[in-house]
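Position 1 is the first residue of the sequence, and the numbers go up from there.
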Amino acid sequence: MSSIKENFDRINKQIIDTAVSCGRKPDTIQLIAVSKRKSAETIMEGIKAGAKHLGENYIQEAIEKIDIIGKKSASWHFIGHLQSNKAKFAVNYFEYIHTVDTLKLAKEINKQAKKIKKIQKIFLQVNISEEETKSGTGIKEAIELIRQISVFENLSLQGLMCMPPYFSDPEQARIYFKQLGQIKEKIMAHNFDNISMTHLSMGMSNDFKVAIEEGSTMVRVGTSIFGRRD
Ligand SMILES: *Cc1c(COP(=O)(O)O)cnc(C)c1O
């Protein structure tokens, strides 16, 4: 089994190679190491290996680990489903929240951020494959939701996030990544006040190369860095 350091270096190299081969600047792509269900000890190994961005999915689990590791030891990204009643914790612990998909949640995050005088960086999660069981706003609703979010003073919308269905052949995910980029362009064309989205949060262990080819600026890679989850 290869070490976390070897995995991290390999993924970083693949990101750079993929960027170069499609004519993008490698430093426009950030690697988020996804550490859900991994111990604080394992995460610290990741940080030692060079991970600067870490992704977590479950609030309670994340808080326990971040309290051990330190909020300042990395840039923390919340990438799991977030319930409004947990928004307070997400705001307190995470620099980025990738999974905003309702007005209710955006409102609550804004309220909690205001309390601690923070401008919370968020992503709008889009249900790009329009599967009923998945989180994310519908494609049609995305623009209206952004119009509503644009008035919240303590939110800073960074961009869009998606999670296409799993395909063993990552080429099949390409259409969804492409679509998310098109939705972003469409939103930018509206020129909403206070909205200057720059990021596309897309691509996981299995499909991050295709995501980069389609414009991803933040790839979220877990298994290929930290190994399989129990
Ligand atoms: C778990 C998870 C990832 C990482 O998935 P891997 O296949 O382990 O790389 C990325 N994004 C989200 C939203 C996740 O829940």
Have a look at L145 and tell me which of L103, I187, V100 forms a side chain to side chain contact (heavy atoms under 4.5 Å, CB included) with it. L103

Between K71 and Y93, is NZ or CZ placed under 6.0 angstrom from the six-membered ring centre and within 45° of the ring axis? yes

Can a donor-acceptor pair be found between the side chains of S39 and T42 at a distance below 3.5 Å? yes

Does K88 have more than 12 heavy atoms from other residues, nucleotides or ligands lying within 6.0 Å of its NZ? no

More than 12 non-hydrogen atoms from neighbouring residues, nucleotides or ligands closer than 6.0 Å to NZ on K134, yes or no? yes

Which of R220, K65, K36 passes salt bridge (Lys or Arg N to Asp or Glu O under 4.0 Å) with E56? Answer is K65

Strictly by modelled atom types, are S129 and E131 linked by a side-chain donor-acceptor pair under 3.5 Å? yes

Any side-chain to backbone donor/acceptor pair from S205 onto S224? Under 3.5 Å, distance only. yes

With the threshold set at 4.0 Å, does a side-chain nitrogen-carboxylate oxygen contact exist between K13 and D9? no

Using 4.0 Å as the upper bound for N to carboxylate O, is an ion pair formed by E95 and K121? yes

Partner of V91 under side chain to side chain contact (heavy atoms under 4.5 Å, CB included), picked from Q112, E108, K86, is Q112

With no hydrogens and no angle check, just 3.5 Å: does a side-chain donor-acceptor pair link Q148 and S150? no

Is there a donor-acceptor pair closer than 3.5 Å between any side-chain N or O of T99 and the backbone N or O of G80? yes

Aromatic ring pairing H190/F192, orientation class (parallel under 30°, perpendicular over 60°, tilted between): parallel

Do the ring planes of H98 and H77 sit parallel (below 30°), tilted (30 to 60°) or perpendicular (above 60°)? tilted

How far does OG of S168 sit from CG of D207, to the nearest 0.5 angstrom? 11.5 Å

